[in-house]
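Since the structure comes first, as structure tokens, the remarks are kept for the end.
We use all heavy atoms of the structure for the numbers below, so side chains are in, but hydrogens, waters and symmetry mates are not. Indexing begins at 1, ligand by ligand and atom by atom, following the structure's order. The shown structure was predicted, so the numbers you read here are calculated from the model rather than taken from an experiment.
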Amino acid sequence: VIMAEQERDRPNVLITGTPGVGKTTICQKLANKTGLDWIDVGKLAKEKNCFESYDDEYQCPVLDEDKVLDEMEDIMDEGGKIVDYHGCDFFPERWFDVVFVLRADNTVLYDRLATRGYASKKLEENIQCEIFQVILEEAHESYPGIVHELHNNTPEDMEKNLTEISKWIEDWKKK
Ligand code: ADP
Ligand code: MN
């Protein structure tokens, strides 16, 4: 019997973490470095109109998760995708071969989100989300055994993380 994940000849990688931890920056560089395809789920949702409503309090659209999954299914089946999103519990477990959760210290994250112009309530909640490791725990629950935590505070961290993730991808292909 051939397991579903072994049918892929390139791995599917999930890069997740609180907004501002550096997912998009790393995904972009990883895609260049590895040749895998980067999927920014927020951008895909916008392009394919996968929103069900607008949250006035947080000033952001609310994702229609089922529609996003429908849009992604065939793409993920191809393998070789790097998925970039600040949540992970609604994707099917079978989609991913590995999950990297990026982390940032709260002072670092605070500055990044303030620069991005987040209003104070949204800013505070994202800092709390990072302090309480919400996404890390969500990842461990949703993808037991394949979750790696990476600290991503400085440009040096980013270089190290790029090397580590690229190496993981190369090692996977050899198996
Ligand atoms: P996310 O996609 O997780 O919301 P971004 O990739 O957009 O995060 O990064 C948020 C901000 O932090 C950007 O201005 C980016 O240049 C900066 N940044 C990301 N990673 C690092 C890092 N390792 N060191 C310093 N700055 C970083
Ligand atoms: Mn992003």
Every N, O or S from the protein that is nearer than 2.8 Å to the Mn ion (ligand 2): Thr24 OG1
Heavy-atom nearest neighbour of atom 7 (O) of ligand 1 within options Glu159, Glu156, Arg116, His86: Arg116
Ligand 1 versus Thr154: contacting region, heavy-atom distance under 4.0 Å: backbone
Backbone or side-chain N or O of Asp157 under 3.5 Å from ligand 1 N or O: no
Ionic contact status for Lys173 with Glu170, cut-off 4.0 Å: yes
Pick from Arg112, Lys29, His151: the one approaching atom 26 (N) of ligand 1 most closely through a non-hydrogen atom: Arg112
Derivation and outcome, side chain to side chain contact (heavy atoms under 4.5 Å, CB included), residues Val13 and Trp172: CA-CA 11 Å; Val13 177; Trp172 188 93; over 6 Å; no
Polar side-chain atom of Glu138 near backbone of Gly87 as donor-acceptor pair, under 3.5 Å: no
Numbered atoms and elements of ligand 1 in range of Thr25, under 4.0 angstrom, heavy atoms: 5 (P), 6 (O), 9 (O), 15 (C), 19 (C)
Any N or O of Gly20 closer than 3.5 Å to N or O of ligand 1: yes
Ion pair Lys160/Asp157, N-O distance below 4.0 Å: no
Glu164 bridged to Lys33 by N-O distance under 4.0 Å: no
Between SG on residue Cys88 and CD1 on residue Ile135, distance to nearest 0.5 Å: 6.5 Å
Atom indices of ligand 1, in the order listed, that fall short of 4.0 Å to a heavy atom of Pro19: 4 (O)
Residue, atom name and distance, where the atom is the protein heavy atom closest to atom 20 (N) of ligand 1: Asn152 ND2, 3.5 Å
Salt-bridge criterion met for Asp171 and Lys167 (N-O under 4.0 Å): yes
Spacing of Glu71 atom CD and Glu47 atom CD [to the nearest 0.5 Å]: 10.0 Å
Shared hydrophobic cluster, Phe91 / Leu44 (ILVMFWY, side-chain heavy atoms < 4.5 Å): yes
For atom 8 (O) of ligand 1, the protein heavy atom that lies nearest, with its residue and separation: Gly22 N, 3.1 Å
N or O contact, Asp84 vs ligand 1, cut-off under 3.5 Å: no
Within reach of ligand 1, part of Pro155 (heavy-atom separation under 4.0 Å): both
Side chain, backbone, both or neither: the part of Asn153 lying under 4.0 Å from ligand 1 by heavy atom: backbone
Asp97 (side chain) donor-acceptor with Asn12 (main chain) under 3.5 angstrom: yes
Any side-chain donor near an acceptor of the partner, Asp84 and Thr24, under 3.5 Å: yes
Residue Tyr110 excluded, over 12 heavy atoms near OH under 6.0 Å: no
Exercise check, heavy-atom protein proximity under 4.0 Å to atom 5 (P) of ligand 1: yes
Distance-only N or O hit between ligand 1 and Ile26, under 3.5 Å: no
Note: Glu57-Lys121 ion pair, threshold 4.0 Å (strictly below): yes
